[in-house]
Peer 1: 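Got a structure for you, written out below as structure tokens; questions coming shortly.
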Amino acid sequence: MTVACTLMFLVFSAEPPSAERGYTSLTTRAFAPGQFPRTVVNEAWRRWGLNEKPVDFPARFRERYGLALAPYPNDNLPMGLRPSPMPFGTPGVCLDCMTCHGGSLMGQSIVGLGNTALDLQALFEELSGRFVDRVKPPYTMCNTRGTNEAGATSVYLSGFRDTSLNLTFTWRNLGLNDSMCEDVPAWWLLKRKKWMYATAEADSRSVRSIMQFMMHPLNGPGRFSEEETTFADIRAYILSVKSPPFPRDINKAMAERGSKVYETSCFKCHGGPGENSPYPGKVIPLETVGTDTTRYLGISQEFGNFYNSSWFSNESTDAANPGLKARRTGGYQAPPLDGIWATAPYLHNGSVPTLWHLLRSDKRPTRFTRSYNTDADAYDWEKVGWKTRDVDAETANRAEAHEKRKVYDTTLKGRGNSGHLFGDHLSDSEVLDLIEYLKTF
Ligand code: HEC
Ligand code: HEC
């Protein structure tokens, strides 16, 4: 009787995760102490070498760091920054999930769209020092604007923790690699995946995996357990995010022809669009897909071992489950293509600016830049993706660091644009039909 009561209590006390609560937590709560003093953020123009505050300061701030307007009340900060006290209680600002997972399209901010304009390096270098104008982070946070080194951040911060997440004070190098140039995936894809991340190495049911973001040294082990239910809500919210429909007319006849091309050339790896279509979650070996290998090889076995013996993977969905362990796959996952029109640039490292370039590998630009605006003028409606401009090697090399990060140089480590030659055999008109069909995803 008592046992039955206790069991009943356990069953009813475990409230199911709520997407609504998840959204509220995401947009109102800070999960790290302040990383940037509020005064420095408010006067960032000083760090840009200006003598007075420009009248359009908020817009220039967003432009410089690649952040969008917050589509929710956010204390006059752009999406991706959030008020949070500094270690000794002075007002500060921290990053949140939307720094990387909040983007904009056609002038509209979208929670869950990868931020392909972000310059995380500039943000840290210019705004973390209270008394110095420039701080050199211990590893590179962004090599090329729009990509970031989220993986390196996990590896770096894990180096200060034991497997129960206690701080160790001496740092262990678990294979730090800061040239993986990661393009942030859209949150609406998670619901279709059994395994997440570009390499499909983490179980997509894992709540704790996405808590790696919280590894600020001042968050002790207790803080992680306390927030686990909040992150279950955040995950529920992520699962509820939907892809935006293509905002212009679609040529039905072309799309119809394109669907046949898709069926024969793409479906077996990518599956169909929408939750009612099959999605095989196929991992394609590095040598078959032929895309840049740095991201795959950049996460070491050592880090994998740490992760799999740590609190992060010791997560049980039921008593029989020993935890949600990460695995090695030897390749990249062919992602679902839902909302693919909205998530340019393409490939795991964002090295290909449009769908057309993805399908015409010999036409992919070697060094290119773009406005980093995300309005209708910056969008390439024909090739589907971002309009780019070629940059020659000399100009690229001469630029100072902030400008250099605006050049995507595919000859550099982690940024290769090779591989995925699966559209090359198609005729020009088949490619256009296929692109038209992909707009319906
Ligand atoms: C510094 C940028 C950054 C921040 C901040 C960040 N992420 Fe991510 N996130 C990434 C990148 C990059 C990836 C892709 C990693 C890869 O596959 O290489 C990713 C992947 C994910 C995925 C897996 C998506 C998929 O389809 O495979 C989830 C879920 C996720 N992040 C949730 C979160 C949550 C929740 C937060 C806040 C607690 C967060 N992220 C904070 C950069 C970031
Ligand atoms: C043999 C399996 C395979 C086939 C066939 C294939 N793909 Fe892919 N595709 C992949 C893999 C794997 C990736 C991820 C590669 C990476 O990011 O490095 C990918 C990536 C992509 C991306 C980029 C996704 C993103 O979010 O950046 C698009 C778009 C895409 N494929 C479209 C197509 C189309 C259209 C076809 C048909 C012509 C096709 N693919 C055929 C395996 C395949």
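All values below were derived from every heavy atom in this structure, side-chain atoms included, with hydrogens, water molecules and symmetry-related copies excluded. Keep in mind that what you see is a predicted model, and the values were worked out from it rather than measured. Atoms within a ligand are numbered from 1 in the order they appear, just like the ligands themselves.
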Peer 1: Judging by distance only, is a nitrogen or oxygen of H270 under 3.5 angstrom from one on ligand 2?
Peer 2: yes
Peer 1: Report the part of F31 in contact with ligand 1, treating N, CA, C, O as backbone and CB onward as side chain, heavy atoms under 4.0 Å; options are side chain, backbone, both, neither.
Peer 2: neither
Peer 1: One residue to check: M141. Relative to ligand 1, which of side chain, backbone, both or neither has a non-hydrogen atom less than 4.0 Å away?
Peer 2: neither
Peer 1: Among the N, O or S atoms that H420 has, which is closest to atom 8 (Fe) of ligand 2?
Peer 2: NE2
Peer 1: With heavy-atom distances below 4.0 Å as the criterion, list the atoms of ligand 1 near M196.
Peer 2: 23 (C), 25 (C), 27 (O)
Peer 1: Taking a cutoff of less than 4.0 Å between a non-hydrogen atom of the residue and any ligand atom, is Q333 in contact with ligand 2?
Peer 2: yes
Peer 1: Answer side chain, backbone, both or neither: which part of L358 comes under 4.0 Å from ligand 2, heavy atoms only.
Peer 2: side chain
Peer 1: Any idea which protein heavy atom is nearest atom 36 (C) of ligand 2, and the distance to it?
Peer 2: C266 SG, 2.8 Å
Peer 1: Can you tell me the protein heavy atom closest to atom 1 (C) of ligand 2 and the distance?
Peer 2: C269 SG, 2.8 Å
Peer 1: For L337, which part has a heavy atom under 4.0 Å from ligand 2: side chain, backbone, both, or neither?
Peer 2: side chain
Peer 1: Does ligand 1 have any atom that is closer than 4.0 Å to a heavy atom of P185?
Peer 2: yes
Peer 1: Using a heavy-atom cut-off of under 4.0 Å, does the side chain or the backbone of D292 touch ligand 2, or both, or neither?
Peer 2: neither
